[in-house]
Participant: 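Handing you a structure now.
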Amino acid sequence: MQDLTLFPPAARVVYLRNDDAADLSNYRDLLPSERAQVSEAVDMRKGEFGDARWCAHQALKELGVRATEAILRGERGMPLWPAGYTGSLTHTEGLRAAVAAPTRLVRSMGLDAEPARPLPAGVLHQIALPAERSLVDAMRAAGHEGADRLLFCAKEATYKCWFPVTRRWLGFEEAEIEIRADGTFTSHLLARPTPVSCFEGRWAVRGGYVIASAFYS
Ligand SMILES: CC(C)(COP(=O)(O)OP(=O)(O)OC[C@H]1O[C@@H](n2cnc3c(N)ncnc32)[C@H](O)[C@@H]1OP(=O)(O)O)[C@@H](O)C(=O)NCCC(=O)NCCS
């Protein structure tokens, strides 16, 4: 995760491992306005929210932003970054992460992490376009068992990059992901109108997780 080749050079990424779903220490340290966003939620949600926001504040700190700037939830759940910054958050079993960058260098970013396990039966057909199904088949034949999960992860990263720019939903059939074995991918955006034809992406499988980042520079 600390390998910055997953992100544009201007970005800062911070992650933490936390297997204790009941650990609310980072949640308790959030700004009151941030805690209020999930104050009615179950402890597991508060814990993941607190951990990922902690990562986001650390990333912003590395970029010189004071921790007094709240990162609230905006339209459809998108994170609201301090003026002049963008980024993305993710949380999954045992892992929380955030990436941030100045908007003068990166317009938008999407980060997603998933356990490196194949998708449940039937899900691939719901999320994949025909060319993507062929790609997953080819990757599986080459020994990449979790290729379907990687595709899903890249699609979620694509949505997180897309939404803050367009404020529009993007269905799974509205971006075609071209994954390459060298750890890069391209999200071809099929929705119209679109501000750009594609996002660049990077992926990696590390420590039992699939991680994908999409960005619009
Ligand atoms: C929103 C979504 C991408 C979140 O992914 P997830 O794997 O369920 O959850 P993650 O933990 O990785 O990410 C959650 C974080 O995503 C961010 N997020 C949520 N909605 C967002 C949006 N509209 N735009 C950008 N970021 C968003 C938030 O920071 C959230 O964390 P928080 O609520 O603690 O702040 C997913 O639930 C979803 O709705 N997917 C359908 C849309 C899609 O993927 N389309 C495919 C296009 S090819």
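Counting convention: from 1, in listed order, for ligands and their atoms alike. Values below: every heavy atom of this structure, side chains too, minus hydrogens, waters and symmetry copies.
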Participant: Measuring from atom NE2 of H188 to atom CD of E174, what distance do you get when rounded to the nearest 0.5 angstrom?
Facilitator: 15.5 Å

Participant: Quick one: look up the protein heavy atom nearest atom 6 (P) of ligand 1 and list residue, atom name and how far away it is.
Facilitator: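 Closest protein heavy atom to atom 6 (P) of ligand 1: E156 OE1, 3.4 Å.
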
Participant: Test of understanding: given a 4.0 Å heavy-atom threshold, classify the contact between W169 and ligand 1 as side chain, backbone, both, or neither.
Facilitator: side chain

Participant: Output the list of atoms in ligand 1 that are nearer than 4.0 Å to some heavy atom of A175, sorted by atom number.
Facilitator: 48 (S)

Participant: What protein heavy atom sits nearest atom 28 (C) of ligand 1, and how far away is it?
Facilitator: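 Closest protein heavy atom to atom 28 (C) of ligand 1: G77 O, 3.5 Å.
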
Participant: Considering only the protein, which heavy-atom contact is closest to atom 47 (C) of ligand 1, and what is its distance?
Facilitator: L170 O, 3.4 Å

Participant: Using heavy-atom distances, let me know which of H91, R73, K46 sits nearest atom 34 (O) of ligand 1.
Facilitator: H91

Participant: Which of the numbered atoms in ligand 1 are below 4.0 angstrom from a heavy atom of E114?
Facilitator: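 Reading through ligand 1 atom by atom, the close ones are 7 (O).
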
Participant: Would you mind telling me if ligand 1 is within reach of the side chain of D112, the backbone, both or neither, using heavy atoms under 4.0 Å?
Facilitator: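 It is the side chain that gets close, since no backbone atom is under 4.0 Å.
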
Participant: What protein heavy atom sits nearest atom 3 (C) of ligand 1, and how far off is it?
Facilitator: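 Minimum-distance protein heavy atom for atom 3 (C) of ligand 1 reads Y159 CD2, 3.6 Å.
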
Participant: Which heavy-atom pair separates R45 from R73 by the least distance, and what is that distance?
Facilitator: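 The answer is NH2-NE, 3.6 Å.
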
Participant: How about E75: does its CD atom have over 12 heavy atoms from other parts shown lying under 6.0 Å from it?
Facilitator: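 Counting other residues, nucleotides and ligands, CD of E75 exceeds 12 neighbours.
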
Participant: Write out the residue and atom name of the closest protein heavy atom to atom 35 (O) of ligand 1, then the distance separating them to 0.1 Å.
Facilitator: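 Here the closest protein heavy atom is R53 NH1, 2.8 Å.
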
Participant: Just which atoms of ligand 1 are under 4.0 Å from any heavy atom in T90?
Facilitator: 10 (P), 11 (O), 12 (O)

Participant: Identify, by atom number and element, the atoms of ligand 1 in contact range of L89, meaning under 4.0 Å from any of its heavy atoms.
Facilitator: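 What qualifies from ligand 1 is 13 (O), 15 (C), 16 (O), 29 (O).
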
Participant: Measure from atom 20 (N) of ligand 1 to every heavy atom in E132, K160, R76 and give the option owning the shortest one.
Facilitator: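 It is R76 that holds the nearest heavy atom.
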
Participant: Under 4.0 Å, heavy atoms only, figure out whether ligand 1 is touched by the backbone of E48, its side chain, both or neither.
Facilitator: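 Looking at E48 and ligand 1, no heavy atom falls under 4.0 Å.
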
Participant: Give a yes/no verdict on whether any heavy atom in G171 is under 4.0 Å from an atom of ligand 1.
Facilitator: yes

Participant: I'd like to know if the side chain of E132 and the backbone of I177 have a donor-acceptor N/O pair within less than 3.5 Å.
Facilitator: yes

Participant: Rounded at 0.5 Å granularity, tell me how far CG in L135 sits from CG in L129.
Facilitator: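 Taking CG in L135 and CG in L129, the distance rounds to 11.0 Å.
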
Participant: Would you please determine whether Q37 falls within less than 4.0 Å of ligand 1 on a heavy-atom basis?
Facilitator: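 It does not, in that no heavy atom of Q37 comes within the 4.0 Å cut-off of ligand 1.
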
Participant: Going by the atom numbers of ligand 1, which of them fall below 4.0 Å from some non-hydrogen atom of F49?
Facilitator: 34 (O)

Participant: For the atom pair NE2 (H57) and CD1 (I71), what is the distance rounded to the nearest 0.5 Å?
Facilitator: 4.0 Å

Participant: Examine R45 against ligand 1 and note whether any of their N/O atoms are separated by less than 3.5 Å.
Facilitator: yes

Participant: So is P79 in contact with ligand 1, going by heavy-atom distances below 4.0 Å?
Facilitator: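 Yes.
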
Participant: Measure the distances from the heavy atoms of E173 to every atom of ligand 1 and state whether one is below 4.0 angstrom.
Facilitator: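 It does not, in that no heavy atom of E173 comes within the 4.0 Å cut-off of ligand 1.
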
Participant: Could you tell me whether Y27 and W54 have their ring centroids closer than 6.0 angstrom?
Facilitator: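 Centroid distance Y27-W54: not below 6.0 Å, so no.
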
Participant: Can you tell me which portion of E174 lies within the under-4.0 Å heavy-atom range of ligand 1? Options are side chain, backbone, both, or neither.
Facilitator: neither

